[in-house]
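Structure first, commentary second.
We name chains A, B, ... by the order of the sequence lines, and we start the count at 1 in each one.
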Amino acid sequence: MPELPEVETTRRGIADRIRGLMVESVEVRQFRLRLPVPEDFSARLEGAILGDTLRRAKYLIVESSSGRLLIHLGMSGSLRIADPTQELRKHDHVIWNLEGDRQLRYHDPRRFGIVTWAGTEAEPHSLIQGLGPEPIGNEDLDGDALGDHLYAYSRKKTRRLRDFLLDGRVVAGVGNIYANEAAWRAGIRPDRSCGRIARQRYRKLAHDLQDVLQSAVDKGGSTLRDFVDPEGQTGYFQHVFNVYGREGEPCHHCESEIVREVLSNRSLFYCRQCQR
DNA sequence: AAGGTAACCTGACTGC
DNA sequence: TGCAGTCAGGTTACCT
């Protein structure tokens with residue numbers, strides 16, 4: 001269930017537990033993900049030492065002495081640390097056997113995710129090229145700067161705000177939930193044409209986007225602690241959303257009913273009263 | 001060039 | 001109990 005906060009939570013959950021470990025073997029049980037798992041994936045990783053785990057947008061990059069790995073969780077993917085004696089689940093597609101009787105398991109029922117090579121820093125995989133700025137954890141980009149970036153980038157564009165925010169080239173890692181939530185906080189209808197929104201409103205939107213993502217990461221750190229736990233419950237997000245999934249329920253500001261509409265085949269949720 | 005749409009998959013849920 | 005239909009947190013290739 002990966003939005004940016006869950007990907008970041010996954011990163012924090014696995015980084016310290018795999019860093020420095022040797023890969024004894026890798027078992028690919030399903031090669032057909034959104035992109036095929038490379039044929040040389042297992043052979044090349046055998047004997048490799050794993051390094052740090054980084055996040056870019058919703059991608060995880062795991063450094064190793066045999067090259068960097070690129071992992072995307074798609075719509076239904078998850079990574080967990082497991083004990084080799086634990087039974088494999090259906091849809092456990094890639095198993096890294098690490099030294100010390102520890103496994104990293106990639107699980108993904110819908111198979112929209114990706115497990116492949118990330119390329120080098122000089123020549124990264126095309127999937128992680130051309131991505132927009134990270135909305136949080138980015139010291140060079142405070143809320144006003146992100147707002148100005150969104151404002152400048154949106155001029156003369158006609159797409160709706162929600163679709164604009166979902167475009168990874170505009171800003172990295174924002175998904176449907178947080179685009180809707182940020183628009184509610186900022187009081188902007190998510191179906192407003194992005195090119196007709198004022199700079200000050202983008203600044204507020206950017207601050208709100210950062211706040212909602214950061215608080216979700218902070219919360220994820222506690223509610224999703226088990227996400228990669230060896231005993232592991234996957235642990236679903238227990239967020240309190242203001243609009244997402246709240247069709248027909250009262251707005252937390254004005255009590256009027258939250259409405260749901262479909263745009264680009266995906267749900268929009270907003271308050272007609274508070275968002276203009 | 002920008003923007004909308006279909007497509008990739010499985011599982012959970014709803015209503016008949 | 002079953003079956004058909006709908007929906008889902010993502011991304012991109014392909015049309016217009």
(message) Tell me the interatomic distance from A:D163, atom CG, to C:dT12, atom C1', rounded to whole angstroms.
(response) 14 Å
(message) Let's test this: given Watson-Crick or G-U wobble pairing with both distances under 3.5 Å, identify the partner of B:dA6.
(response) C:dT12
(request) Check every strand shown and say whether A:Y59 touches a base, only sugar-phosphate, or nothing at a heavy-atom separation below 4.0 Å. (result) sugar-phosphate
(request) Would you kindly compare A:N265 and A:R159 by the position of their nearest DNA chain B nucleotide and give the one closer to the 5′ end? (result) A:R159
(request) Indicate yes or no: does A:D191 engage A:R162 in a salt bridge with an N to O separation below 4.0 Å. (result) no
(request) Report yes or no: do A:W96 and A:W117 belong to one cluster of Ile/Leu/Val/Met/Phe/Trp/Tyr joined by side chain heavy-atom distances under 4.5 Å? (result) yes
(message) Could you tell me how far apart A:N176 (CG) and C:dC7 (C1') are, to the nearest whole angstrom?
(response) 12 Å
(message) Going by ring pair (Phe, Tyr, Trp, His ring centres under 6.0 Å), name the residues that satisfy it together with A:H207, two or more places apart in sequence or in a different chain.
(response) none
(request) Look at A:K58 and C:dT11 and indicate whether a side-chain polar atom (N or O) is within less than 4.0 Å of OP1 or OP2. (result) yes
(request) Could you tell me the separation between the CG atom of A:D167 and the C1' atom of C:dA13, rounded to a whole number of Å? (result) 15 Å
(message) Say we look at C:dT6 and B:dA6: how far apart would their P atoms be, to the nearest angstrom?
(response) 14 Å
(request) With P as the reference atom in both, quote the distance from C:dT11 to B:dA12 in angstrom, rounded to an integer. (result) 23 Å
(request) Consider only side-chain N and O atoms of A:D108 and A:H93, and report whether a donor and an acceptor are under 3.5 Å apart. (result) no
(request) For A:I114, report the nucleic acid contact type (base, sugar-phosphate, nothing); a contact means any heavy atom under 4.0 Å. (result) nothing
(request) Return the value, rounded to whole Å, for the distance between atom CD1 of A:I177 and atom C1' of C:dG9. (result) 5 Å
(message) I want to check one thing: is the phosphate of C:dG9, taken as OP1 and OP2, less than 4.0 Å away from some side-chain N or O of A:R266?
(response) yes
(message) Taking 4.0 Å as the cut-off, does a side-chain nitrogen or oxygen of A:R169 come that near to OP1 or OP2 on C:dT12?
(response) no
(message) In terms of relative ring orientation, are A:Y153 and A:H149 parallel, tilted or perpendicular, with 30° and 60° separating the classes?
(response) tilted
(request) Check whether the side chains of A:S267 and A:R260 place a donor and an acceptor atom closer than 3.5 Å, and report yes or no. (result) yes
(message) Without decimals, in angstroms, what is the distance between A:L35 CG and C:dT11 C1'?
(response) 10 Å
(request) Answer with base, sugar-phosphate or nothing: what part of the nucleic acid does A:K90 contact at a heavy-atom distance below 4.0 Å? (result) sugar-phosphate
(message) Roughly how many Å apart are C:dC14 and B:dC9, using the P atom of each and rounding to a whole number?
(response) 15 Å
(message) Please give me the minimum heavy-atom distance between A:A48 and A:S65, naming the atom from each residue.
(response) CA-OG, 3.4 Å
(message) Nearest whole Å is fine: how far is C:dC7 C1' from A:R110 CZ?
(response) 9 Å
(request) Go through DNA chain B in 5' to 3' direction and return only the first and the last nucleotide with some atom under 4.0 Å of chain A's heavy atoms. (result) B:dG3 to B:dG11
(request) Specify the separation, in whole Å, of atom CG of A:N180 and atom P of C:dA8. (result) 11 Å
(request) Let me know the distance between CZ of A:F112 and P of C:dG9, rounded to the nearest Å. (result) 12 Å
(message) Using a strict threshold of under 4.0 Å (side-chain N to carboxylate O), is an ion pair present between A:R12 and A:E8?
(response) yes
(request) With C1' as the reference atom in both, quote the distance from C:dG9 to B:dG3 in angstrom, rounded to an integer. (result) 23 Å
